[in-house]
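This structure is a prediction, so every number in the text was calculated from the model and none was measured. Note on naming: letters A, B, ... go to the chains in the order of the sequence lines (proteins, then strands), and numbering restarts at 1 for each one.
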Amino acid sequence: MKHNFRKIEGKWQKKWENAGIFKAVDGSDKPKFYGLVEFPYPSGAGMHVGHIKAYSSLEVISRKRRMEGYNVLFPIGFDAFGLPTENYAIKTGTHPRVITDENIAKFTNQLKKVGFSFDWDRVIDTTDEDYYKWTQWIFLKLFEHGLVFRSKALVNYCPSCKVVLSNEDSQGGKCDICHSDVVQKSKDVWYLRITEYADKLLEGLEHVDYPANVKQQQVNWIGKSTGAFVNFTLEGLNEQMEIYTTRPDTLFGVTFMVIAPEHPLIDKYADRIKNMDAIEAYRSECAKKTEFERTQLVKDKTGVKIDGIEAVNPITGNKIPVFIADYVMMGYGTGAIMGVPAHDQRDYEFAKKFGADIIEVIKGGDISVEAYSGDGEMVNSGFLNGYTNKKESIARMLEEIEKMGIGHAGVQFKMKDWAFNRQRYWGEPIPIIHCEDCGVVPVPYEELPLRLPKVENFEPGAEGESPLAKIESFVNCTCPKCGKKARRETDTMPQWAGSSWYFLRYIDPHNDQALADPEKLKYWMPVDWYNGGMEHVTRHVIYSRFWHHFLYDIGVVNTPEPYAKRSIQGLILGPDGDKMSKSKGNVVDPLDIVEDYGADTLRTYVLFMGDYSAATPWNDNSVKGCKRFLERVSGFTDMISEDKETRKLETAFHKTIKKVSSDLEEMKFNTAIAALMTLTNDIYGLGKVSKEQVQTFAKLLCPIAPHVCEEIWEVTGGEGFLSLQPWPQYDESKTVDAQTEIGVQINGKLRGTVVIPTNAEKEEVFAIARADARIASLTEGKTFVKEIYVPGRVVNFVVK
RNA sequence: GCAGGAGUGGCGGAAUGGCAGACGCAUCAGACUCAAAAUCUGACGAGGGUGACCUUGUGUGGGUUCAAGUCCCAUCUCCUGCACCA
């Protein structure tokens with residue numbers, strides 16, 4: 001059969017769609033499989049080959065599951081709120097709705113051309129008001145349960161995009177969207193109390209199947225540490241200053257204190273501070289730096305001693321100086337630390353520069369050179385002297401400070417609460433009303449969805465105000481509580497909102513009574529397997545886990561964790577080995593590949609190009625190699641023979657079924673395809689193949705290259721869709737050949753090979769190996785010290 | 001600095017402690033062709049030998065083992081994430 005991909009791909013895509021064979025069935029008796037891929041942001045540029053690779057893994061698994069008899073939910077949708085669309089709207093004067101619809105149509109067309117087996121009846125769009133109604137509903141639930149709060153704070157602000165960014169969106173001090181420098185700005189910010197769920201997010205990781213590095217990254221991000229809060233008294237003032245430390249055992253070594261430049265204590269006691277000028281100068285200098293710059297200046301410690309305030313070490317009673325320095329952050333712990341220069345390198349550097357005492361309390365290092373943070377015997381530490389075990393010293397100290405009433409054990413998280421508002425148009429309106437008398441009032445549930453008003457101008461207002469602030473008809477409203485005139489919140493939610501629960505909506509996408517029917521949620525959840533990118537591990541995945549834990553706590557969903565298993569795809573790099581980017585001109589358009597080589601070739605190539613989870617450069621010639629392979633496969637139909645000789649292929653087939661079945665489960669797509677290529681070479685080597693064998697081959701390749709395989713199935717007289725045929729089974733006993741070639745080593749060096757009966761006993765194998773002419777001549781006159789046989793692999797003779 | 005991962009032909013990459021380089025690409029030679037493309041056959045880590053073969057070879061240096069790409073110790077390089085987190 002000639003492989004005319006142009007003709008057959010369109011044909012089968014139409015047939016699949018008309019027959020609706022990829023639709024998930026609600027209320028089925030079959031076991032369920034919920035495969036999820038990260039839904040795309042429908043940008044104007046259209047799809048990227050990276051999307052194809054990202055979706056291909058679960059596309060293959062989902063197709064295999066259907067053949068294995070599962071009821072499969074494999075949905076797709078669009079995460080369509082976001083800045084690029086809004087910026088394009090500003091530039092062209094086109095409404096974001098229009099742009100979004102166009103882009104979604106484009107993506108849909110592209111996805112269909114690749115032949116993905118998505119259930120197209122369940123497509124969702126986060127910008128659809130019937131969808132964001134429920135995003136707002138979840139927000140109100142969070143509000144109701146005290147997990148939403150408003151605070152004036154220094155925030156990461158992008159002057160170019162004119163929006164507030166979360167820490168996650170401004171990693172490295174750069175705006176995640178436009179890559180300009182982020183500055184600190186004081187603003188009213190809506191926060192979601194994700195820190196309330198820090199422990200649950202940490203604990204939940206123990207019950208899910210995520211790759212180790214993904215778990216580790218989330219653990220680091222949550223950043224739990226255990227330690228103690230200790231109060232230091234300020235000399236002559238009726239004031240306690242609380243610090244957080246992970247090393248309460250070193251309390252005897254505290255020789256100074258440092259507080260963050262923004263610490264409120266400074267303003268409170270401004271009249272007592274003698275060098276307020278110097279302090280103010282230092283503070284304004286710090287304010288100019290971005291947080292990123294502050295954290296980068298690792299080497300040179302800066303700071304100013306507060307003249308006029310002294311603290312008391314509560315455990316020794318010694319008076320110690322207090323400094324301000326920007327190596328202490330207001331945002332972590334209490335914004336104040338105890339300085340233990342002998343056992344903390346940062347404190348050591350600070351003490352050296354500012355002349356503070358250095359008292360050794362743990363033996364083992366050389367504190368004339370650097371701080372010592374290892375273990376050792378406690379000295380100069382009163383009741384702790386002689387302790388050698390860190391855990392015990394900490395426990396003993398905690399006991400003491402609690403008895404003295406000066407502190408207590410505690411935990412801290414690096415994770416911060418989630419800044420949840422953006423001053424933008426193209427996002428979900430935050431359903432909140434500001435009333436002069438009642439304060440912050442939630443929009444009543446029955447008024448949802450709170451729709452985005454029609455606007456002509458999408459430019460953000462002065463000072464980065466939301467474009468919605470300019471729409472009087474939107475802003476002006478009445479307070480639901482007291483009925484007086486009130487104003488609506490004009491900020492919208494961040495892009496991460498809609499994607500934090502979308503997998504629940506796929507389960508029941510058209511429900512107007514609930515975000516999804518509880519019975520259906522019970523059947524389909526959790527997501528069995530979720531594939532996506534590494535870049536979402538500390539944002540989307542954490543956020544959605546947070547929302548899902550919350551929904552579990554209020555009884556909306558039946559599992560605490562949304563994703564039972566997570567996998568990661570590696571990047572596709574440009575042919576030059578660099579990350580694909582428009583500016584480098586190394587971007588490959590997947591539709592070009594579909595046009596030139598066919599969807600099956602594209603699908604096969606992205607899975608064959610290398611280790612699925614590793615970054616691999618694109619290679620046009622290898623694409624051609626995959627096309628050649630598929631052409632050879634379609635050529636099988638011209639080689640069909642019922643000759644008994646085709647039985648010679650039996651073992652090869654059973655081996656291949658076994659290997660492909662297990663490799664696909666382990667996402668080793670490259671070796672699964674390699675096994676099919678090897679089998680293809682075997683078939684061509686024999687020159688004939690039975691009809692049944694061709695059909696088995698087609699089934700194995702079907703999840704990867706479904707169009708050509710359906711065609712082979714039809715041409716060879718198969719009935720119905722190949723995509724719905726049962727997955728091939730292998731017989732373990734038939735996966736081994738009657739004879740095996742094994743290597744023969746002498747003193748660990750390969751000296752030849754012999755053919756043995758596969759089930760031969762050890763002694764028989766040794767006899768055959770010794771009888772081999774070459775081995776015999778090499779061992780002549782030598783003494784056999786040891787003989788080793790690894791079944792089916794190798795023989796090793798140790799001789800002297 | 002901390003955590004995780006990776007270093008294998010010209011390239012992408014395979015190898016439950018057991019014949020290193022599967023499979024694919026590129027390259028070379030041959031067949032077919034007037035010719036080219038396509039296709040088919042063969043060769044293809046390095047060094048040596050007319051040859052059967054020999055030596056050597058998985059970042060580097062040690063070690064364990066009958067046997068090491070794989071395990072252990074040390075070391076270098078690269079990637080990813082976090083990072084003055086008290």
Side-chain angles (χ1 to χ4, degrees), chain A residues 171-172 211-221 223-225 227 243-247 250 258 260 294-302 325-329 331-340 344-347 349-350 412-416 534-535 537-538 568 570-571 573 575 577 604-605 608-611 613-626 628-629 631-632 635 668 670-681 684 741-754 773-774 785-799:
Chain A
Q171 297 184 28
N213 58 337
V214 171
K215 280 192 188 181
Q216 191 59 47
Q217 207 167 305
Q218 294 211 349
V219 168
N220 288 345
W221 189 262
K224 184 176 183 171
S225 79
I243 59 95
Y244 174 73
T245 178
T246 55
R247 296 297 302 274
T250 61
V258 186
R294 268 176 71 167
T295 55
Q296 283 307 296
L297 297 171
V298 192
K299 300 238 167 64
D300 218 11
K301 294 280 176 292
T302 61
D326 67 357
Y327 82 94
V328 175
M329 308 286 150
Y332 184 79
T334 60
I337 64 154
M338 62 182 207
V340 188
D344 180 290
Q345 190 57 28
R346 291 157 304 173
D347 296 345
E349 284 162 22
F350 192 79
Q412 273 293 307
F413 296 96
K414 287 183 197 171
M415 187 169 70
K416 305 208 169 94
M534 203 64 197
E535 69 277 17
V537 166
T538 49
I568 301 288
L571 284 178
L573 306 173
T604 306
Y605 175 64
F608 182 64
M609 63 194 298
D611 180 339
S613 61
T616 311
W618 185 268
N619 183 318
D620 276 321
N621 279 321
S622 285
V623 176
K624 288 178 198 156
C626 289
R628 206 172 292 158
F629 162 62
E631 280 167 353
R632 276 160 70 84
K668 290 159 75 175
N670 54 340
T671 50
I673 293 167
L676 289 165
M677 287 174 169
T678 304
L679 181 57
T680 301
N681 291 340
Y684 272 81
E741 191 188 66
I742 61 165
V744 183
Q745 298 176 338
I746 296 172
N747 292 338
K749 291 209 171 184
L750 185 72
R751 291 299 179 211
T753 57
V754 292
R774 217 171 130 228
V785 179
K786 204 169 181 182
E787 297 171 315
I788 295 134
Y789 173 48
V790 183
R793 295 282 189 171
V794 74
V795 164
N796 189 12
F797 293 130
V798 184
V799 299

| task | Decide, for B:G42, between syn and anti: a glycosidic angle within 90° of 0 counts as syn, anything else as anti. | result | anti
| task | Indicate whether OP1 or OP2 belonging to B:A86 is found under 4.0 Å from a side-chain N or O atom of A:Ser225. | result | yes
| query | Could you state the CG-P distance from A:Leu679 to B:G24, rounded to the nearest angstrom? | reply | 12 Å
| Phosphate OP1/OP2 of B:C54: any A:Arg751 side-chain N/O under 4.0 Å | yes
| request: Please report, rounded to the nearest Å, how far the P atom of B:C19 is from the CZ atom of A:Arg793. | output: 6 Å
| query | Which nucleotide in the list B:A15, B:A67, B:A86 gets nearest to the side chain of A:Thr671? | reply | B:A15
| said: Using a heavy-atom cut-off of 4.0 Å across all strands, would you classify A:Lys224 as base, sugar-phosphate, or nothing? | reply: nothing
| field | Closest to the A:Arg774 side chain, choosing from B:C19, B:C54, B:A86 | value | B:C54
| When rounded to the nearest 0.5 angstrom, what is the spacing between NZ in A:Lys301 and CG in A:Asp326? | 9.0 Å
| request: With a 3.5 angstrom cut-off on both distances, give the Watson-Crick or G-U wobble partner of B:G45, or none if there isn't one. | output: B:U56
| request: Grab the CD-P distance between A:Glu535 and B:C79 for me, whole Å please. | output: 19 Å
| request: Could you check whether A:Glu741 gets within reach of a base, just the sugar-phosphate, or nothing at all, counting any heavy atom under 4.0 Å? | output: base
| Out of B:C84, B:C66, B:G81, whichever nucleotide has its closest atom nearest the side chain of A:Lys301 | B:C84
| query | Does A:Arg751 reach the main-chain N or O of A:Arg774 with its side chain, forming a donor-acceptor pair under 3.5 Å? | reply | no
| Could you state the interatomic distance from CG (A:Leu573) to CG (A:Asn619), rounded to the nearest 0.5 Å? | 12.5 Å
| Applying a 3.5 Å limit to both distances, which nucleotide forms a Watson-Crick or G-U wobble pair with B:C71? | B:G63
| message | Which nucleotide wins on minimum distance to the side chain of A:Asn213, given the candidates B:C85, B:G4, B:A15? | response | B:G4
| message | Using whole Å, what does the distance between atom C1' of nucleotide B:C85 and atom OH of A:Tyr244 come to? | response | 9 Å
| query | So, is A:Lys668 close to the B:A22 phosphate, meaning a side-chain N or O under 4.0 Å from OP1 or OP2? | reply | no
| message | Whole angstroms only, please: what is the CG-P distance between A:Asn619 and B:G10? | response | 17 Å
| Just checking A:Ala212: base, sugar-phosphate only, or nothing, at a heavy-atom cut-off of under 4.0 Å? | nothing
| Picking from B:A3, B:G18, B:C25, which would you name as closest to the side chain of A:Asn220? | B:A3
| Whole angstrom value for the distance that separates P of B:C25 from CZ of A:Phe608 | 8 Å
| Side-chain (A:Tyr244) to main-chain (A:Gly227) donor-acceptor, under 3.5 angstrom | yes
| message | At less than 4.0 Å, is any side-chain N or O atom of A:Thr616 found next to OP1 or OP2 of B:G13? Yes or no. | response | yes
| What nucleic acid atoms does A:Gln745 come within less than 4.0 Å of, heavy atoms only: base, sugar-phosphate, or nothing? | base
| said: Checking A:Ile742 against A:Val794 for the side-chain contact (heavy atoms from CB on, under 4.5 Å) test, could you report, in this order, the C-alpha distance in whole Å, the side-chain angles of both residues, the deciding distance, and whether it holds? | reply: CA-CA 5 Å; A:Ile742 61 165; A:Val794 74; 5.7 Å; no
| field | Watson-Crick or G-U wobble partner of B:U33, both distances under 3.5 Å | value | none
| query | Expressed in whole Å, how much space separates the P atoms belonging to B:G69 and B:U58? | reply | 7 Å
| message | In whole Å, measure the gap between the P atoms of B:G59 and B:A6 for me. | response | 13 Å
| said: Looking only at the side chain of A:Val328 (C-beta and beyond, no hydrogens), which of the listed nucleotides B:A15, B:A86, B:C66 gets closest? | reply: B:A86
| Integer angstrom distance from the C1' of B:G7 to that of B:G21 | 16 Å
| Base paired to B:A15 (Watson-Crick or G-U; both N/O distances under 3.5 angstrom) | none
| field | Atom C1', compared across B:C53 and B:U64: separation rounded to whole Å | value | 32 Å
| task | Could you please spell out the steps behind the side-chain contact (heavy atoms from CB on, under 4.5 Å) verdict for A:Thr245 and A:Ile337? | result | CA-CA 7 Å; A:Thr245 178; A:Ile337 64 154; over 6 Å; no
| field | Base B:C25 paired with A:Asn621 side chain (donor-acceptor, <3.5 Å) | value | no
| field | Minimum-distance nucleotide (side-chain atoms of A:Val794 versus B:C19, B:C25, B:C85) | value | B:C19
| remark: Regarding the side chain of A:Tyr327, the nearest nucleotide among B:G24, B:C84, B:C19 is B:C84
| How close or far is atom C1' of B:U56 from atom CG of A:Leu750, stated in whole angstroms? | 14 Å
| Looking for any heavy atom pair under 4.0 Å, which part of the strands does A:Gly223 touch: base, sugar-phosphate only, or nothing? | nothing
| said: Using the rule given for side-chain contact (heavy atoms from CB on, under 4.5 Å), can you reason through A:Ile673 versus A:Tyr605, listing the C-alpha separation, both sets of side-chain angles and the distance that settles it, and then say yes or no? | reply: CA-CA 9 Å; A:Ile673 293 167; A:Tyr605 175 64; over 6 Å; no
| request: Measure from NZ on A:Lys624 to P on B:C11 and round the result to the nearest Å. | output: 20 Å
| message | If I take atom CG from residue A:Asn213 and atom CD from residue A:Gln218, how far apart are they, to the nearest 0.5 angstrom? | response | 10.5 Å
| query | Mind checking the C1' distance from B:G81 to B:G10? Whole angstroms is fine. | reply | 33 Å
| request: Indicate, with a heavy-atom threshold strictly under 4.0 Å, whether A:Asn681 touches base, sugar-phosphate, or nothing. | output: sugar-phosphate
| field | Nearest-angstrom distance, C1' atom, B:G18 to B:C71 | value | 14 Å
| query | Do A:Asn220 and A:Lys414 have side-chain heavy atoms sitting under 4.5 Å apart? | reply | no
| Pick the nucleotide of RNA chain B nearest each of A:Gly625 and A:Met338; which residue has the one closer to the 5' end? | A:Gly625
| query | Can you tell me how far C1' in B:C84 sits from the matching atom in B:C73, rounded to whole Å? | reply | 33 Å
| Which part of the nucleic acid does A:Thr246 contact within heavy-atom distance under 4.0 Å: base, sugar-phosphate only, or nothing? | sugar-phosphate
| query | On a whole-Å scale, what distance lies between the C1' atoms belonging to B:G12 and B:G17? | reply | 27 Å
| In Watson-Crick or G-U wobble terms, both distances under 3.5 Å, what is the partner of B:A3? | B:U80
| task | Report yes if at least one side-chain N or O of A:Lys749 is closer than 4.0 Å to OP1 or OP2 of B:C19; otherwise report no. | result | no
| said: B:C85, OP1 or OP2 - any side-chain N/O from A:Lys414 closer than 4.0 Å? | reply: no
| message | Closest approach to the side chain of A:Ala674, judged atom by atom: which nucleotide of B:A22, B:C66, B:C25 is it? | response | B:A22
| What's the closest nucleotide to the A:Val790 side chain, out of B:C85, B:A14, B:G18? | B:G18
| request: Find the distance between CE (A:Met677) and CZ (A:Arg628) and round it off to the nearest 0.5 Å. | output: 10.0 Å
| field | Assigned partner base of B:G10, Watson-Crick or wobble definition, under 3.5 Å | value | B:C25
| said: If the cut-off is 4.0 Å, is A:Arg632 near the phosphate of B:C40, judged by side-chain N/O to OP1 or OP2? | reply: yes
